[in-house]
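Step one of this worksheet: look at the structure below.
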Amino acid sequence: MIDLKTLPVTVDDVMDAAELLDGVIETTPIEQSRALGRMTGSDVYFKCENLQRAGSFKVRGAYVRMAKLSEEEKARGVVAASAGNHAQGVAVAAARLGIKARIYMPLGVALPKLAATRGHGAEVVLHGHNVDEALAEAQRFAEQSGAVFVHPFDNADIIAGQGTIGLEILDQIPNVDTIVMGVGGGGLLAGVATAVKARAKELGRDIRVIGVQAENAAAYPPSLAADALVPLKKVSTMADGIAVGRPGQLPFSIIRELVDDVVTVSEDALARALIFLLERSKLVVEPAGAVGVAALMEGVIENPGTTAVILSGGNIDPMLMLKVIQRGLYASGRFLSVRIMLDDRPGSLAKISRIIAESDANVTRVDHTRIGGSISMGDVAITIDIETKGHEHCELVLGSLRAEGFQPVVVH
């Protein structure tokens, strides 16, 4: 068994971080989810970091990192790069500490995140088309200007700050068996594992720590299998907060020793989880913060027992939320879009509307066109969006249309 004191971040570092954060951050609430508990056959609790200052856990690590700077370093200012949560965390911490902050954000960043970062007092510079390009520019600025670069996850103080969530969970749910959270670069997972595994050892019991990644942005499973950092060639997920193509070296060195498993979930599972959190828990959570809920709903974590899921952030762009809700409804069988080719004559559309109504479904939109490469003269193509009540109801609607001679094609 590994000696926890030999790791680059220890529980003592996390406890020191908790002292620094006292009076600075919120001790976020724990909310029990009876609905998810019934699905999993266990007690499930949400650790609501979406209600943290600046809307995510990131302010914890950012503040600890910056509070430990020397006066000379603070005078030089700090620089960071982020598409959202880390930017806001650094901005809030810098304002609290009286440090000048310069944040690089990619072109096309969501306007609410841009406005929030500026609102916290940071100077924002838009650069590059993705976070990697913004990150490279921030590092160049640090080298040229002397400003202190605040990495989003690959730093011991950052990891220790994020680990304070683990201490809070153990105080709030002493009998916890499993702690689940999203993982991008790995700072949160490494920090929580450091704190929880040390405390579990003191208590003489086992507490599982499990990370979750979006399957199209999952660098940790292959890296852990190879016992080396394996960068991804492409990252594509709605969970922009964990869309990291290469694990951090420091978090990886901790995660490979302490974390019990890293699992993945699909985009559809993520969308369903966000719908669940909105409807059943009345919580606004960004996709990266919902991956743990998705993993439990999909059953990829076996025998979870009493479980704490860290909802790591709530900073979701309203336009993205609109798209995610629609995808979530579709994935849950509560939204159906079909395309049907018809003879262009009176009464055809009325007949389809009658069939849908008699199937107890509701039409929400109709698109009607006679023009297109695949549409013959005398034909018309209609696309109908339908509100349904689940997958079985979708099949009932489709079956009713086919029974009347129509050939509906589901539009994905």
Side-chain angles (χ1 to χ4, degrees), residues 33-36 38-39 214-216 236-239 265-287 290 293-294 296-299 316-412:
S33 175
R34 292 178 176 82
L36 189 52
R38 286 191 293 271
M39 287 185 198
E215 63 183 15
N216 295 328
S236 176
T237 176
M238 69 176 77
V265 293
S266 68
E267 297 295 290
D268 281 349
L270 260 175
R272 285 192 292 268
L274 283 171
I275 294 289
F276 174 87
L277 286 163
L278 280 170
E279 288 190 332
R280 304 305 298 271
S281 299
K282 312 302 183 259
L283 289 168
V284 176
V285 180
E286 62 189 271
V293 175
L296 288 174
M297 291 176 67
E298 294 298 296
I316 183 169
D317 176 26
M319 291 302 296
L320 175 61
M321 179 178 281
L322 183 64
K323 296 174 184 177
V324 170
I325 287 174
Q326 188 172 36
R327 180 165 186 158
L329 291 173
Y330 177 83
S332 301
R334 293 167 56 190
F335 175 84
L336 179 65
S337 185
V338 296
R339 180 180 169 90
I340 304 173
M341 300 298 295
L342 302 174
D343 293 333
D344 190 8
R345 60 178 183 229
S348 296
L349 184 56
K351 185 177 181 180
I352 289 175
S353 298
R354 175 184 58 77
I355 295 168
I356 293 172
E358 290 175 352
S359 300
D360 199 25
N362 183 43
V363 174
T364 60
R365 185 184 73 91
V366 177
D367 180 71
H368 182 284
T369 182
R370 296 180 176 86
I371 301 171
S374 61
I375 302 174
S376 302
M377 291 293 294
D379 288 345
V380 61
I382 63 167
T383 302
I384 307 177
D385 292 345
I386 309 167
E387 183 181 2
T388 48
K389 300 174 183 178
H391 292 295
E392 290 185 3
H393 192 209
C394 289
E395 291 303 319
L396 173 65
V397 173
L398 293 171
S400 297
L401 288 168
R402 290 172 185 138
E404 294 286 346
F406 297 105
Q407 297 180 3
V409 176
V410 177
V411 179
H412 293 284

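Given the structure is predicted, the values throughout are model-derived calculations rather than measurements. Keep in mind that the numbers below use all heavy atoms, side chains included, and drop hydrogens, waters and symmetry copies.
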Is any side-chain heavy atom of V366 less than 4.5 Å from a side-chain heavy atom of T383? no

Run the side-chain contact (heavy atoms from CB on, under 4.5 Å) check on L398 and L336 step by step: do they pass? CA-CA 10 Å; L398 293 171; L336 179 65; 4.2 Å; yes

Test side-chain contact (heavy atoms from CB on, under 4.5 Å) applied to M39 - qualifying residues, sequence neighbours left out: L36, F276, M297

Just wondering, do L342 and F406 contact through their side chains at under 4.5 Å, heavy atoms? yes

Taking H391 for its side chain and A331 for its backbone only, find out whether a donor-acceptor pair lies under 3.5 Å. yes

So do the side chains of V293 and V285 get within less than 4.5 Å of each other, counting heavy atoms only? no

Main chain of G333, side chain of T388: is a donor-acceptor contact present, judged purely on distance under 3.5 Å? yes

Would a 4.5 Å heavy-atom cut-off, applied to side chains only, mark T237 and L270 as touching? yes

To the closest 0.5 Å, what do you measure between CD1 (I382) and CD1 (I340)? 4.5 Å

Using modelled atom types only, decide if a donor and an acceptor are shared between the side chain of S359 and the backbone of A361 within a distance under 3.5 Å. no

Let me confirm one number: the CD1-CG distance from I325 to L274, rounded to the nearest 0.5 Å. 8.5 Å

Could you tell me the separation between the CG atom of L329 and the CZ atom of R272, rounded to the nearest 0.5 Å? 11.5 Å

Test your reading of the model: is there a side-chain donor-acceptor pair from E267 to the backbone of M238, 3.5 Å cut-off? yes

How many angstroms lie between atom OG of S332 and atom CZ of R327, to the nearest 0.5 angstrom? 11.5 Å

Within the side chain of T364, is there an N or O that forms a donor-acceptor pair under 3.5 Å with the backbone of D385? yes

Would you give the length of the straight line joining atom CZ of R334 to atom NZ of K389, rounded to the nearest 0.5 angstrom? 12.0 Å

Distance col, row R38:CZ vs R280:CZ, nearest 0.5 angstrom, shows 6.0 Å

